[in-house]
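Here the structure comes first, spelled out in structure tokens, and everything after it is commentary.
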Amino acid sequence: MRKVVFLLKGDPFSWKAHEAFRVGMAIGINSEVSFVLIKDGVYALTRWYPEKLEIHGFDKLLENIDYVNVKLYVEDASAEERGLKEADFVKNVSFISADEIKEIIRNAEAVFVW
């Protein structure tokens, strides 16, 4: 199975983050997708209130993420710098180091950076 990495590092509340999840889940139907959140991207899966920003959240997308081949990862250092713990995330994520992220990227056939 093809290995693909989605690396979300920017504004977690933008249309780009929404599209990254949408496309990543679509590719996860036929490929093994590693969705890695780093820097400010770690906020994308935290408990936030999109209606206060007058935008759509990821709730509908995330309802179906368990049915596709997508693994969610958060860079441990990025989460720690922002004071985020496992309980702050709306989905189960694996905390991994920068070296582990490099290995995931090294083993991937394609990498999308958002």
Side-chain angles (χ1 to χ4, degrees):
M1 186 173 279
R2 180 183 3 229
K3 292 183 178 187
V4 180
V5 174
F6 279 74
L7 187 65
L8 180 61
K9 64 178 185 159
D11 182 0
F13 312 121
S14 69
W15 65 270
K16 286 198 262 182
H18 193 275
E19 284 300 295
F21 280 110
R22 190 182 67 77
V23 173
M25 288 178 57
I27 291 175
I29 293 170
N30 295 316
S31 301
E32 182 181 312
V33 174
S34 295
F35 207 100
V36 182
L37 306 171
I38 65 170
K39 300 182 181 180
D40 284 342
V42 299
Y43 289 118
L45 292 179
T46 59
R47 299 179 194 289
W48 57 287
Y49 302 96
E51 61 278 358
K52 290 185 179 181
L53 298 173
E54 297 182 6
I55 61 174
H56 293 287
F58 308 124
D59 296 345
K60 293 293 180 193
L61 286 170
L62 295 177
E63 285 176 10
N64 297 310
I65 202 163
D66 295 329
Y67 301 107
V68 293
N69 195 14
V70 176
K71 295 177 185 166
L72 300 172
Y73 298 100
V74 171
E75 181 192 29
D76 54 7
S78 293
E80 186 177 323
E81 287 171 6
R82 289 155 182 82
L84 298 173
K85 308 259 185 286
E86 191 173 334
D88 295 317
F89 292 87
V90 296
K91 294 299 279 183
N92 289 331
V93 296
S94 297
F95 289 86
I96 59 175
S97 68
D99 288 337
E100 290 170 302
I101 292 169
K102 290 175 190 175
E103 189 62 28
I104 289 172
I105 290 171
R106 191 178 355 265
N107 291 322
E109 294 177 48
V111 178
F112 296 89
V113 179
W114 298 82

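The figures here come from the full heavy-atom set of this structure, side chains too, leaving out hydrogens, waters and symmetry mates.
Two residues are said to be in side-chain contact when any heavy atoms from C-beta on lie closer than 4.5 Å; Tyr73 and Ile104 meet this criterion. Put simply, the side chain of Val70 does not reach to within 4.5 Å of the side chain of Phe21, judged on heavy atoms. Between Phe89 and Leu72, the closest side-chain pair of non-hydrogen atoms is not below 4.5 Å. Looking only at side-chain heavy atoms (C-beta outward), Val33 and Val68 stay at 4.5 Å or farther from each other.
Under the 4.5 Å side-chain heavy-atom criterion for Ile, Leu, Val, Met, Phe, Trp and Tyr, Val113 and Leu37 are members of distinct hydrophobic clusters. By the rule that hydrophobic residues join a cluster once side-chain heavy atoms approach within less than 4.5 Å of another member, Phe6 and Phe13 end up as members of one cluster. Side-chain heavy atoms closer than 4.5 Å link hydrophobic residues (I, L, V, M, F, W, Y) into clusters, and following such links, even through other members, never connects Val4 to Leu7. The cluster map of Ile, Leu, Val, Met, Phe, Trp and Tyr, joined by side-chain heavy atoms under 4.5 Å apart, puts Val36 and Ile27 in different clusters. Leu8 and Ile38 fall into different hydrophobic clusters, where Ile, Leu, Val, Met, Phe, Trp and Tyr side chains are chained together by heavy-atom contacts under 4.5 Å.
Distance check: Phe35 CZ to Phe112 CZ gives 11.5 Å after rounding to the nearest 0.5 Å. Once rounded to the nearest 0.5 Å, the distance linking CD of Glu75 with CD of Glu81 reads 7.0 Å. Remark: Lys102 NZ to Asn107 CG distance equals 14.0 Å, nearest 0.5 Å. Going from atom CZ of Phe95 over to atom NZ of Lys85 covers 9.0 Å, rounded to the nearest 0.5 Å. Taken to the nearest 0.5 Å, the CG atom of Asp99 stands 8.5 Å off from the CZ atom of Arg106.
For CD of Glu80, the number of neighbouring non-hydrogen atoms (other residues, nucleotides, ligands) closer than 6.0 Å is 12 at most. Heavy-atom neighbours of Glu109 CD from other residues, nucleotides or ligands within 6.0 Å: above the threshold of 12.
Between Lys16 and Glu19, no side-chain nitrogen of the basic residue sits less than 4.0 Å from a carboxylate oxygen of the acidic one, so the salt-bridge criterion is not met.
Pro12 approaches Ala17 most closely through the heavy-atom pair O-CB, 3.4 Å. Across all their heavy atoms, Lys91 and Ile65 have their closest contact at CE-CG2, 3.4 Å. Summarising the geometry of Ala87 relative to Arg47, their closest heavy-atom pair is O-NE, 3.3 Å, with the distance given to 0.1 Å.
Among residues two or more places apart in sequence or in another chain, the side-chain contact (heavy atoms from CB on, under 4.5 Å) test is passed with Arg82 by Lys39, Asp40, Val42, Tyr43, Ser78, Leu84.
Applying the side-chain contact (heavy atoms from CB on, under 4.5 Å) test between Met25 and each of Asn64, Leu62, Asn69 identifies Asn64 as the sole match.
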